Amino acid sequence: MRVFIDTNVLIDTLIPGRTSAEASACIFKLIRTTSMEGWMTTQSIIDAAYITAKSPGYDDKRFRQVIGDLLSYVNVGGIDYFDLKYAVNATEIEDIEDCAQAFFADYNNCDIIISGDKYFRIPNKMEPTPVMTPKAFLDHLRAVHPL
């Protein structure tokens, strides 16, 4: 199974006290220890660096350590010209960043998009890909395969 990890799921693991922190950390653990493939964009890591650097208690050394570790087991790629072009032209979705992330996930054959963004929408041009919160994804896995 290939899962696309949205920016907010990464941020959940980097900023203490976020409501989805435990579920998000569990997803990264599953990616690291099972045959599940995780996919992210470089944009997500850059955005997470910007957002977490502004949070109370930010620790640059810890951030770099977490991302360095993540790079050893998560597939990371850039949003390319075509993903961005499709996102700009998909006028049915206002959030260009989410739209470009969705096209990246589609291009990399991800089965599920995991996002804490309750407004994350899939462009009409794409095949239907489920979008689940970290908790909903873990509940789904438990229903199919006990963890």
Side-chain angles (χ1 to χ4, degrees), residues 1-16 18-55 62-147:
M1 172 187 304
R2 289 179 172 214
V3 297
F4 176 79
I5 307 295
D6 194 17
T7 308
N8 50 52
V9 178
L10 175 59
I11 292 170
D12 284 344
T13 66
L14 295 167
I15 299 176
R18 288 179 56 106
T19 55
S20 295
E22 187 176 323
S24 295
C26 185
I27 291 167
F28 281 107
K29 182 178 180 182
L30 286 169
I31 293 167
R32 186 177 44 229
T33 61
T34 70
S35 62
M36 183 184 305
E37 289 184 40
W39 289 80
M40 295 182 71
T41 64
T42 54
Q43 184 68 44
S44 288
I45 295 169
I46 292 165
D47 290 349
Y50 178 79
I51 291 165
T52 59
K54 295 181 177 304
S55 68
R62 179 180 176 273
F63 177 85
R64 290 172 187 270
Q65 184 177 17
V66 168
I67 298 304
D69 182 49
L70 177 130
L71 292 173
S72 70
Y73 65 89
V74 173
N75 300 290
V76 178
I79 293 173
D80 68 17
Y81 169 82
F82 295 104
D83 292 335
L84 186 56
K85 186 174 181 175
Y86 289 142
V88 168
N89 290 321
T91 57
E92 76 275 13
I93 297 180
E94 292 180 19
D95 190 328
I96 291 175
E97 186 264 346
D98 280 353
C99 194
Q101 299 269 42
F103 280 118
F104 174 90
D106 184 59
Y107 178 78
N108 288 287
N109 301 310
C110 293
D111 302 301
I112 296 173
I113 294 173
I114 303 173
S115 176
D117 180 352
K118 62 183 174 183
Y119 300 109
F120 194 108
R121 293 189 44 224
I122 299 297
N124 294 336
K125 181 180 176 113
M126 289 175 54
E127 294 264 337
T129 301
V131 178
M132 298 182 184
T133 65
K135 182 185 178 317
F137 176 69
L138 292 175
D139 290 345
H140 169 75
L141 284 182
R142 286 183 188 105
V144 177
H145 306 289
L147 296 176

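Computed from a prediction, not measured in an experiment: that's the story for all the values here.
- Looking at R2, its side chain does come within 3.5 Å of a backbone N or O of N108 through a donor-acceptor pair.
- You'll find the side chain of L138 reaches within 4.5 Å of the side chain of C26, heavy atoms only.
- Panel note: side chain D12, backbone S24; no donor-acceptor pair is recorded below 3.5 Å.
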Intermediate values then yes/no, side-chain contact (heavy atoms from CB on, under 4.5 Å), I5 and F28 | CA-CA 9 Å; I5 307 295; F28 281 107; 3.7 Å; yes
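- Considering only residues two or more places apart in sequence or on other chains, A53 meets the side chain to side chain contact (heavy atoms under 4.5 Å, CB included) condition with Y58.
- Among all heavy-atom pairs drawn from F103 and A87, the shortest one is CE1-N, 3.7 Å.
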Tell me which donor-acceptor pairs under 3.5 Å the side chains of residues 72-80 have, and how far apart each pair is, sequence neighbours excluded?
unit_1, atom_1, unit_2, atom_2, d
S72, OG, D69, O, 2.5
N75, ND2, G38, O, 3.2
D80, OD1, F82, N, 3.0
D80, OD1, D83, N, 2.8

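- Partners of R64 under the side-chain hydrogen bond (donor to acceptor under 3.5 Å, both in side chains) rule, at least two apart in sequence or in another chain, are D60.
- Atom-to-atom distance recorded for I11:CD1 and I51:CD1 is 3.5 Å, nearest 0.5 angstrom.
- Under the side-chain hydrogen bond (donor to acceptor under 3.5 Å, both in side chains) criterion, D47 pairs with Q43, not counting sequence neighbours.
- Between the side chain of S20 and the backbone N or O of A23 there is no donor-acceptor pair closer than 3.5 Å.
- Closest approach of A48 and T7 over heavy atoms only: N-CG2, 4.2 Å.
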Pair K118-T133, side-chain contact (heavy atoms from CB on, under 4.5 Å): steps then yes or no = CA-CA 8 Å; K118 62 183 174 183; T133 65; over 6 Å; no
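- Between the side chains of S55 and T52, not a single donor N or O lies within less than 3.5 Å of an accepting N or O.
- Rounding to the nearest 0.5 Å places NE2 of H140 at 9.5 Å from CD1 of I114.
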Please test F4 against T41 for side-chain contact (heavy atoms from CB on, under 4.5 Å), starting from the C-alpha separation and ending with a verdict.
-> CA-CA 9 Å; F4 176 79; T41 64; 4.0 Å; yes
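- Between T34 and L30, the shortest heavy-atom contact is OG1-O, 2.5 Å.
- No more than 12 heavy atoms of other residues, nucleotides or ligands sit less than 6.0 Å from atom OH of Y107.
- Across all non-hydrogen atoms, the minimal contact from S115 to F120 is OG-CD1, 3.7 Å.
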Side-chain donor-acceptor contacts of residues 93-100 below 3.5 Å, not counting sequence neighbours, with atom names and distances?
unit_1, atom_1, unit_2, atom_2, d
D95, OD1, E97, N, 3.1
D95, OD1, D98, N, 3.0
E97, OE2, Q101, NE2, 2.8

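- Atom CZ of R62 sits about 9.5 Å away from atom CD1 of I67, to the nearest 0.5 Å.
- With sequence neighbours left out, R121 forms a side-chain hydrogen bond (donor to acceptor under 3.5 Å, both in side chains) with no residue at all.
- Each of T13, N8, D6 was compared with L10 under the side chain to side chain contact (heavy atoms under 4.5 Å, CB included) criterion, and only T13 meets it.
- Rounding to the nearest 0.5 Å gives a distance of 4.5 Å between CE of M132 and CD1 of I112.
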